[in-house]
Each structure stands twice: as C-alpha cells, then as structure tokens.
Amino acid sequence: MAMIPSLFGNNTTTIFDPFSFNMFDPSTETSAAISNTRIDWKETPEAHIFKADVPGLKKEEVKVEVEEGKVLRISGERSVEKEDKNDTWHRTERSSGKFTRRFRLPENVKMDQIKATMENGVLCVVVPKEEEKKREVKNIEICG
C-alpha cells in the first residue's frame with residue numbers, strides 16, 4: 001500500500017486506499033474541532049484492527065456501527081465544558097464537537113463477530129476475517 005505524506009500533518013495517510021472514506025466524503029459529519037481524530041487500520045492474517053485515539057471520551061460517548069452491510073462507522077461527541085460565570089478562561093485548546101470516520105470493509109469479514117473495546121483513551125475495533133478457502137486442484141486425464 002503506497003503511503004504519502006498527509007496534507008494536514010507530519011504523519012502519513014493512505015488517501016488512495018479504496019476501502020477508506022476520507023475527509024473529501026461529503027456525507028461525513030465532522031466538526032472542524034475534532035475532525036482530525038486519528039485512526040490506525042492494520043490487517044493481520046486473522047482480522048482487520050482499527051485503533052482510534054479518543055482521549056477524554058467515555059465509551060458511552062463513542063459509537064461503532066456497521067452501515068449498509070459493509071461500512072464501519074466510528075463516531076462520537078465531546079461536549080463543551082460548562083462555563084461558570086465566575087471563571088476566567090485564559091486559553092481553550094481542547095476540542096469539542098462531533099466526529100465520524102467511515103471505512104468500507106472488504107468482502108472477507110465476519111460481520112457478526114465484530115468486537116470493540118476501549119482502554120486509556122484508545123478505541124480498538126477488531127473485525128475478524130473469514131478463512132480463505134483453499135483451492136482444490138483436480139487433475140483431469142486427457143483422453144484420445
């Protein structure tokens with residue numbers, strides 16, 4: 001898979017990945033504040049593994065869904081901290097708002113066995129793969 005520099009940072013991204021919906025997808029609902037939620041996608045022989053940085057979010061604030069049978073959708077919302085009229089804010093850098101990231105899954109996944117866990121601000125979604133069927137080769141004798 002070709003890796004190219006990201007337009008918005010020092011890390012790399014696979015903009016041309018046919019399975020990835022990206023920021024150019026008009027149906028993606030994002031708030032500019034946290035639209036840069038970083039997600040790694042790794043494939044092992046057994047599964048596709050997605051890891052998303054969601055610091056400060058509770059598991060109740062994050063959703064993992066499968067849309068239209070083959071699109072993994074990871075979304076969430078970070079609320080704005082309530083302001084007290086007696087407080088004086090000097091700087092606000094932590095983001096708030098909604099994010100949605102979508103990934104088109106390949107055909108060889110077990111949709112009914114997807115698992116998601118969250119620990120220390122990292123969401124991990126494991127999408128198991130179906131075993132590849134071994135091709136059976138049958139020799140045909142040539143007559144004549």
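- Across all their heavy atoms, Ala47 and Pro128 have their closest contact at CB-CA, 3.8 Å.
- Here the closest heavy-atom approach between residue His48 and residue Trp41 is recorded as ND1-NE1, 3.1 Å.
- Counting heavy atoms of neighbouring residues, nucleotides and ligands inside a 6.0 Å radius, atom NZ of Lys63 does not exceed 12 of them.
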Candidate pair Glu141 and Asn139, rule side-chain contact (heavy atoms from CB on, under 4.5 Å), full reasoning: CA-CA 6 Å; Glu141 187 177 326; Asn139 290 324; over 6 Å; no
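- Annotation for Val109 and Met111: closest pair CG2-SD, 3.3 Å, computed over non-hydrogen atoms.
- Side-chain atoms of Lys59 never come within 3.5 Å of backbone atoms of Leu123 as a donor-acceptor pair (strictly under, hydrogens ignored).
- No donor-acceptor distance shorter than 3.5 angstrom exists from the side chain of Arg101 to the backbone of Arg38, with no hydrogens or angles considered.
- For Glu107 against Lys70, the heavy-atom pair with the smallest separation is O-NZ, 3.3 Å.
- Annotation: Lys51, atom NZ; neighbour count of heavy atoms from other residues, nucleotides and ligands within 6.0 Å does not exceed 12.
- Heavy-atom contacts from other residues, nucleotides or ligands closer than 6.0 Å to CD of Glu119 number 12 or fewer.
- The minimum heavy-atom distance between Arg73 and Thr100, with the atom names listed, is NE-CG2, 3.4 Å.
- A distance of 12.0 Å separates CZ in Phe50 from NZ in Lys42, rounded to the nearest 0.5 Å.
- Put simply, the side chain of Arg78 does not reach to within 4.5 Å of the side chain of Glu61, judged on heavy atoms.
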